[in-house]
Amino acid sequence: MFRARARWWLLVLLVLVGGCRCGDDPNVGGASASFRPQEEVVDFGRVLEGTQVRRSLTLVATGRAGVTVEAVTDAPFFVVVSQIVVAGSGTGTVDILFSAGNTPVQGELVLTAGRTTAKVKLTGVGVRPLACVPAGECRDSRFDLESGQCIESPQADGASCIPGSRCQENGRCQAGVCVGQPRTCDDDNPCTVDSCSPTQGCVTESVACPAPSNPCKVGVCDRNAGCQEVDVADFSPCGAVSCKAAQVCFSGSCRTVTPPDGFVCAPATPCQDEGKCSAGECMRPDAGDLESVFSAELGGVPIAEDGGPVLLVDDGTVYASVCGEDAGCWLAAYTESGLLRYESPYEDGGARTLLAASDAGVVVLAPEALEAYAARGLGELRWRTSLALSDAALDGGTPEGVPGTGAGRVALTKEGDVLTYVTWSGDAGTEPLRSRLMLLSADAGAPLAMGPEEDGGGAARLAVDDARGAYLYTPWDGRLAFTSWAPPEVSTDGGAFTARMGPYFADVSGPVLATRQDDAHAAWPGASPPGPGFAPGAAALGDGGIASLSLEPLGAGVPGGAPSLALASGRLLVGTQAFVDTDGGVLTALDWDAGSRTLTPLAEPVLMSPSGTVGHALALACGRTDGTPCVDTELRTVLRSFSSDDGHVLSEVDVLPSPLLPGAFHEAALLEQSTVGVLADAALPNGQRQAWLEWIAFGNKVNQCSLPGRVEVAGAVFAGDLLHVALRRDGVWRLESYPVGMRAEARGWPQRNASPAGTRRAVP
């Protein structure tokens, strides 16, 4: 029995020993050797494009024996060390790199040891950073990875910066604003006028010596003696010239002589050689067509309000407002050699009228607003200012009526600030309710000053004298008024702002700068937001910071005149009716008594010689005096020249190209040598039209050249020694430029819309 029990216990022992396996590795006496990853997912989060981020994954041994794990993955994920040793009952670490692109990605990490395989999900988001550009000097902007936005902060005080105005230098940051020292532009030359442009820096121009009343003298500047009068070259014309009698200069005096054969009786032009006297007659070779300097397609129709400029020229750039059939409307800029600088679409695609241009921008009339576009670059919108602002900014109420302005009611100061006369009309736009003069800043369109609110309104004219101020003529009440201003003064210590406008002062405390669009909009109740072209950091006044513009009447005014105003050398030609000294001291009526004809003066253009001694105006002439109106084909256009001393007529010339064919006048400008350049056309019997460039001097039409082909003229402007014309040829609207043979007069007020830039200013 004992033996039987012994065999039974032996059997149990063998079964127990054979069924116990304590390890898979025979080398460790049967101990366990395996692992597991501690996480199922490794998330790298948001990572900047082009950078790498490292993450670590912990591996845990599941037995007493150590184990070697192989780690494998695919790009953009990478394993730093592909074999990881995990100690028995311990942990190991596998390091993974994520090389970020610019999209979200997923991958997989495969871990293998013997017969054990584990997979871990890998995720990451590659983020392309925004191009963070600070809103202005003295600001830093950095990309915030978590929010995906640019975060801006002010630079430390004392950091160097570039002032927004080129009239300042050595800029340093103060409280987030770049403050510079005034730049000195004086070149120590009394024959130059030195000034500073906020956009161009130091600008030097030759002194414009006063034009002598003696046509045989010319003003020149000597560095030591200043402006002096010297004789013009002998045989220079000083009056009418023909081969019977010629008024020419000798030793500084004007004399009448009988010209000999060979005497130059007509100057050469770009289409015709000079004429010479022969047997008492001026013999000239046949004239040809003018040859254009360039001709470029506009791509649409040139647009302007009635009486407004079709083209503007400033600093070698020609501007046109153009509308296409399906492409909307845009501002086009060309070099004077015909190269397209840019085509800048208007935001709403609607039409705009050109008003003025300077290096500060191109000012156009939008619906109930003024806009300024950059003169260079891509022509982006710099600012937009609602015309209703001049009412709502003062009392915060809702303006009654529709605000408007237009050509002749907008002028630029020397600094590029915008002076505009705004009129509110009834809903139909026909009944003027009230008006106000307003001054806007060049850089942001923010109101700087306003005149008093006045009853009535309508067409008016502004003229700017850089040395004094501006003149305003309102034909409906015959008033001629003067206003002056000084640039705003902003303290650099955070104190009060002081703006001086004539005899009035406005002291303003509180915020002065609006550095974002919403700030600028908040500062001016009722104004439209400045739009994408708003210049960050531009000066804008806080609520209540609008200075007053005084309007001081000059004398008794000029009642019954046309909306017209010219200015040169201290004299004004007002309403095509009278000459007035700029101090209001003298009133000389123009002699429009036509006798056997009816003359109707045209409001524009009116021209003043640089000396202020001669004024030129145009009129429609009708041969009937019985009160019966002439039909269009009977009307002629005449140029009359007047003496500003007593208003008497010096000369009268029919400016239409043909004495037999009807036609239309388009543009006129003062040229050198007391010459008036005229662009007019003739209506041909076949219904087509041909345009002509004419030269008129001392009451004589001395030459004329035809533009090639049959054309329809929309508008033109004389600038430098070129005539720029917007015209339609063979059904296509084009911009063409033609040589004039002499330069347009740069002093006085020589152009239809003032200077070639349309700025309505006068120097001296």
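What's counted below: heavy atoms across the whole structure, side chains too, no hydrogens, waters or symmetry copies.
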key: Within-4.5 Å side-chain heavy-atom neighbours: Leu370 and Leu387   = yes

request  = Calculate, to the nearest 0.5 Å, the distance between atoms CG and CG belonging to Leu298 and Leu340 respectively.
outcome  = 10.0 Å

task = Could you tell me whether Tyr373 and Tyr319 have their ring centroids closer than 6.0 angstrom?
result = no

inquiry  = Working note: Cys173 + Cys178, criterion disulfide (SG to SG under 2.5 Å); need CA distance, chi angles, decisive distance, verdict.
reply    = CA-CA 5 Å; Cys173 294; Cys178 187; 5.6 Å; no

request  = Quick one: pull up CZ in Arg142 and CD in Gln149 and give me the separation to the nearest 0.5 Å.
outcome  = 12.0 Å

query = So, do Val127 and Phe143 sit near enough that their side-chain heavy atoms are less than 4.5 Å apart?
reply = yes

query = How far does CZ of Phe78 sit from CD1 of Ile96, to the nearest 0.5 angstrom?
reply = 12.5 Å

inquiry  = Can you tell me if Leu145 has over 12 outside heavy atoms packed within less than 6.0 Å of its CG?
reply    = yes

ask   = Would one find more than 12 heavy atoms of other residues, nucleotides or ligands at under 6.0 Å from atom CD1 of Ile151?
value = yes

key: Asp157 versus Gly176, closest heavy-atom pair with distance   = OD1-N, 4.4 Å

note = Closest non-hydrogen contact found for Thr93 with Ile84 is O-CG2, 3.6 Å

inquiry  = Between Asp194 and Thr204 (side chain of the first, backbone of the second, donor and acceptor by atom type, cut-off under 3.5 Å), is there such a pair?
reply    = no

query = Checking side-chain contact (heavy atoms from CB on, under 4.5 Å) against Phe98, which of Asp43, Val42, Val105 comes through?
reply = Val105

message = Given 3.5 Å as the limit, does a donor-acceptor pair link the side chain of Asp144 with the main chain of Cys150, or not?
response = no

key: Nearest atoms (heavy-atom pairs only) where Gly338 meets Ala296   = O-CB, 4.3 Å

Any donor-acceptor pair under 3.5 Å from Glu137 side chain to Ile162 backbone = yes

note = Correct closest heavy-atom pair for Pro154 and Arg139 would be CB-NH1, 3.7 Å

key: Test log, rule side chain to side chain contact (heavy atoms under 4.5 Å, CB included), inputs Val313 and Glu336   = CA-CA 9 Å; Val313 180; Glu336 287 192 315; 3.8 Å; yes

Heavy-atom pair of closest approach, residues Ser441 and Ala444 = OG-N, 3.4 Å

ask   = What heavy-atom pair brings Leu48 and Thr51 nearest, and what distance separates the two atoms?
value = O-OG1, 2.6 Å

ask   = Between the side chain of Arg128 and the main-chain N/O of Asn102, is any donor-acceptor distance below 3.5 Å?
value = no

inquiry  = What's the separation between atom CZ in Phe77 and atom CG in Leu109, rounded to the nearest 0.5 Å?
reply    = 10.0 Å

ask   = Should the SG-SG distance of Cys185 and Cys202 be recorded as below 2.5 Å?
value = yes

inquiry  = Test: salt bridge (Lys or Arg N to Asp or Glu O under 4.0 Å). Region: residues 172-188. Which pairs qualify, not counting sequence neighbours?
reply    = Glu169-Arg183

task = Any chance you could lay out the side chain to side chain contact (heavy atoms under 4.5 Å, CB included) test for Ser195 and Val203, step after step, and finish with the verdict?
result = CA-CA 5 Å; Ser195 59; Val203 178; 4.0 Å; yes

Donor-acceptor pair, side chain of Ser56 and main chain of Asp95, under 3.5 angstrom = no

inquiry  = Could you tell me if the side chain of Thr91 sits less than 4.5 Å from the side chain of Leu59, heavy atoms only?
reply    = no

note = Checking Leu365, Thr405, Val363 against Thr420 for side-chain contact (heavy atoms from CB on, under 4.5 Å), the one that qualifies is Thr405

ask   = Does Arg382 reach the main-chain N or O of Ala360 with its side chain, forming a donor-acceptor pair under 3.5 Å?
value = yes

message = If we check salt bridge (charged side-chain N to carboxylate O under 4.0 Å, His left out) with Arg376, which of these qualifies: Asp314, Asp359, Asp315?
response = Asp315

message = Around atom CZ of Arg166, are there more than 12 heavy atoms from other residues, nucleotides or ligands closer than 6.0 Å?
response = no

query = Checking side-chain contact (heavy atoms from CB on, under 4.5 Å) against Val418, which of Thr385, Leu439, Leu440 comes through?
reply = Leu440

message = When you compare the side chain of Pro182 with that of Gln168, does any pair of heavy atoms fall below 4.5 Å?
response = no

Flag for Arg352-Ser321: side-chain donor and acceptor within less than 3.5 Å = no

query = Are Leu331 and Leu354 close enough, and set up right, to give a side chain to side chain contact (heavy atoms under 4.5 Å, CB included), and what steps lead you there?
reply = CA-CA 9 Å; Leu331 176 64; Leu354 299 174; 3.7 Å; yes

key: Working for disulfide (SG to SG under 2.5 Å), residues Cys329 and Cys323   = CA-CA 4 Å; Cys329 304; Cys323 290; 1.9 Å; yes

task = Start with the C-alpha distance between Gln83 and Glu70, add both sets of side-chain angles, then the distance that settles side-chain hydrogen bond (donor to acceptor under 3.5 Å, both in side chains), and finish with yes or no.
result = CA-CA 5 Å; Gln83 289 188 342; Glu70 295 285 341; 2.4 Å; yes

Straight-line distance of Thr317 OG1 to Tyr334 OH, nearest 0.5 Å = 12.5 Å

note = Output for pair (Tyr346 OH, Glu371 CD), nearest 0.5 Å, gives 8.0 Å

ask   = With no hydrogens and no angle check, is any side-chain donor or acceptor of Trp383 less than 3.5 Å from a backbone partner on Ala442?
value = yes

query = Would a 4.5 Å heavy-atom cut-off, applied to side chains only, mark Val120 and Val94 as touching?
reply = no

query = Would Leu735 and Phe294 satisfy side chain to side chain contact (heavy atoms under 4.5 Å, CB included), going step by step from the backbone distance to the final call?
reply = CA-CA 8 Å; Leu735 174 63; Phe294 79 85; 4.0 Å; yes

query = Would you say the side chain of Thr335 lies within less than 4.5 Å of the side chain of Arg341, judging by non-hydrogen atoms?
reply = yes

